[in-house]
K.L.:
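Provided herewith is a single structure, encoded as structure tokens, for subsequent inquiry.
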Amino acid sequence: MHYSYQKTEIMNPDANQPVHEQGKHHQSRAQLDDEVQQIKAAIANPQAFGVLYDKYYLRIFRYVFQRVEDEDVAADVTSVVFSKALFSLSKYQFRGVPFSAWLFRVAQNELNQLFRKNKVQQVVNIPLETLAQIAEDATEEGLEERVEDLKKAMKCLSEDELKLVEQRYFENRSYKEIAEVLDMEENNARVKTFRVIQKLKNLLTK
Amino acid sequence: MSKIKFNINRKNITDEQALKHKSFDKVMAGYKAMNTPLYKTFKFWAGAGIAVTTVVVATFLFINKQEKETELAVKPPIENLDIQNIHFSVDASRDTVLTTETGSQIKIAANSFVDKNGNPVAGIVDIEYREFHDVVDIFLSGIPMAYDSAGTNYHFESAGMFEIHGFQKGKEVFISEASPVNILLASKQEGERFNIYKLDDKSGDWSFIEKDTAGRIGEDGTYGEIKKEKLLDSINDIIVELSLNKLAAEALVAQLIIEKPIQPKKLEPLSHNLKIEVDEKEFPELALYKNLLFEIDKNDKAFKSELSKIVWDEASVKKGKQQGTYLLTFRKGKDEYTFLTRPVVPEKDFPNAKELYESMFDEYEKTLSKRKADEEKKKKELEAEYAKLMADRNAQIAAIAQRMATESAQRSAANTTTDIIYRSFMVSSFGIWNSDCPQNMPKGLMVSAKFTDKKNNELIFNTLYLIEKGKNAAYSLTNYDYSRFQFNPESENLLLGVTKDNKIAIFKPEDFAALGKIDLSINFKMQVIDKPFKNIEEVKSFVDI
């Protein structure tokens, strides 16, 4: 049986997946130099931070939105993240960690604080197709009927383990990016993610 | 984890929706609020307004609440063993220089004080002042030494702290914005790695004020800033340079990456399959195959044959997690379906596709080899560059060490000034100030810890610090779950705490040494001091660090 579909316009498959943007954001040396200048300008004059805000707003908003229930909360948290980043900008030093990764760390830390203080409902948004991919790594069985099992299994993960699954599987980040955002060695991120999947596998086969 | 909500397939937000919330003004407002001192905030004045318009009883409760909040931030762990204030009386209308026993100087210009309404204060002002220099001072003061930098937790290594307050006839006075008090704190710590911070005594949070400046007081009594060594900048430059070069190298190598070709498979008879044109630039590994089809994966239960009757508005393709799989998404109106597929070719096209694959695979392997060789070459270049930069840096360190030794010898020969370093603070408000450097918790061995006294009675702590000899930092373990913590077995470690029945307990470096081969689970048998210490000096002598 063969089906042809009309108007098969090829869309950018990542248009609504901020995380796929990550891998495409390798910057040239000139771009990095520009960014260092933009950071220096913002330290001297906070209004100049607008350039960096424009550049990273959508990525940070999506990162936050992926982890909270509604867009108004995401908007408020995103705003605080940029205010805090601007406040702490003089402490940012380029030490191999891109500015974007530092911003993601600020966002993750802000979220951690809000979750810890129960000020915001922590949400894990799972695209079904990637849930299928986790289970493909975790078990040989079919998936859709196992969604509830997987949700239960994921509730048994620690905060750090869940972060790895979120970033690797729900947001398709590379291990390098995960390592930068979560402040760990790339190899460590790889090994820990592998262990989390093993843990999920064990939980699912119980 | 039970509080986490799991959503499956939540609808993505569009750029337009996200951009509706974009407001740089809001970011700036948040930023300005972070920069505004508490007494200038609406929250503060609202609180003050309520206080003055309520009855005496309410005011009393308000004051009690304030005291309670202060108590939460700075909590001396042992009664009667807090660092004591020294008192000075100054004439507010005259320039004054106060010198403490440690050699610190407090320089107060005339008319530096105002009352709570901002009016100048004349007459005698009482100054209360105390300093904190070592880990025992920190331990006994109960000043929180954790520092939150953009949500990341650090602990301070201290080059010295002080607390200063001013009163007139028992009422608090304030420092005029126009005339900050200059304090030259005699510091026992060398180095340029310190910054100046101010404590919010209500919340216990530290605010970064500025980079620390250190200096010496010369024979003529004038303060001179120590010339900053270029070394730190140089190390930073090395790191920046190498990082940028590494990124440039990665970008170069990334250009050489090609997609691994996908081995074509024959279309299975009677299988569901879809025809869709793919973007050659986006999926070069597929573009060359003639009559390419996407076969629905057998495990994909979302696919139903009746969906074939729909004329779709849009379709998109992206790679699946498993190599060789692709996710096809079709949309019509609000309906959206995604199928897991594998690329296939009809049987008649299979021989050509196979031949093409083999040729592409050869090209892929050649490019891969070239990429590896380029990576290796770039790595060697970076290593050579790093070695050269480090050699320059080491030469610079040696030159600076030589110069410092010469200067020190000259000072000794002249027998003029001491080696005391003074850290200069421009104090714009009373409270607790420090010159500190944020440090991560020690890293090394994570142990599961049990704490007992020598008779094996379990100990519970009000405060417990890990201290590394040679580093002027007290890492609070009671900020965390202290039954698991990390320490560096290579360092000389010490545990110092106050038990829930207010007794000092210690586990000394020699106790760590006696542990021998360190297990992952340790019972720290601590020495608990039953007899109260008479004074701080006695504690310092006992701790001996």
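Here is how names work: the chains are called A, B, and so on, in the same order as the sequence lines, proteins then strands, and each is numbered from 1.
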K.L.:
Can you confirm whether A:K163 is buried at NZ, in the sense that more than 12 heavy atoms of other residues, nucleotides or ligands lie under 6.0 Å from that atom?
P.N.:
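Result for NZ/A:K163: enclosed.
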
K.L.:
What part of B:L267 gets closer than 4.5 Å to chain A, counting heavy atoms only: side chain, backbone, both or neither?
P.N.:
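Nothing of B:L267, per the 4.5 Å heavy-atom cut-off to chain A.
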
K.L.:
Please name the pair of heavy atoms, one in B:K26 and one in A:S79, separated by the smallest distance, quoted to 0.1 Å.
P.N.:
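Heavy atoms of B:K26 and A:S79 come nearest at CG-OG, 3.4 Å.
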
K.L.:
Check whether B:Q17 gets within reach of chain A through its side chain, its backbone, both or neither, counting any heavy atom under 4.5 Å.
P.N.:
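It is both, since atoms from each part get that close.
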
K.L.:
Specify whether B:H21 and A:F61 have parallel, tilted or perpendicular ring planes, treating 30° as the upper limit for parallel and 60° as the lower limit for perpendicular.
P.N.:
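Parallel, since the angle between the ring planes stays under 30°.
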
K.L.:
How far apart are the closest heavy atoms of A:P46 and B:Y31, and which atoms are they?
P.N.:
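Here A:P46 and B:Y31 meet closest at CG-OH, 3.4 Å.
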
K.L.:
Strictly below 4.0 Å, N to O, side chains only: are A:R62 and B:D15 in salt-bridge contact?
P.N.:
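B:D15 and A:R62: salt-bridged.
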
K.L.:
For A:E69 versus B:R10, what's the shortest heavy-atom pair and its separation?
P.N.:
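So the minimum-distance heavy-atom pair works out to O-NH1, 3.0 Å.
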
K.L.:
Apply side chain to side chain donor-acceptor pair (under 3.5 Å) to B:K22 and list each qualifying residue two or more places apart in sequence or on a separate chain.
P.N.:
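Checked B:K22 against side chain to side chain donor-acceptor pair (under 3.5 Å); matches are A:D54.
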
K.L.:
Could you tell me which portion of A:Y57 (side chain, backbone, both or neither) has an atom closer than 4.5 angstrom to a non-hydrogen atom of chain B?
P.N.:
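Contact with chain B: side chain only.
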
K.L.:
Mind checking what makes side chain to side chain donor-acceptor pair (under 3.5 Å) contact with B:E336, not counting sequence neighbours?
P.N.:
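B:E336: side chain to side chain donor-acceptor pair (under 3.5 Å) contacts with B:R331.
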
K.L.:
Counting heavy atoms not belonging to B:E381, are there more than 12 under 6.0 Å from its CD?
P.N.:
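Atom CD in B:E381 is packed in, count exceeds 12.
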
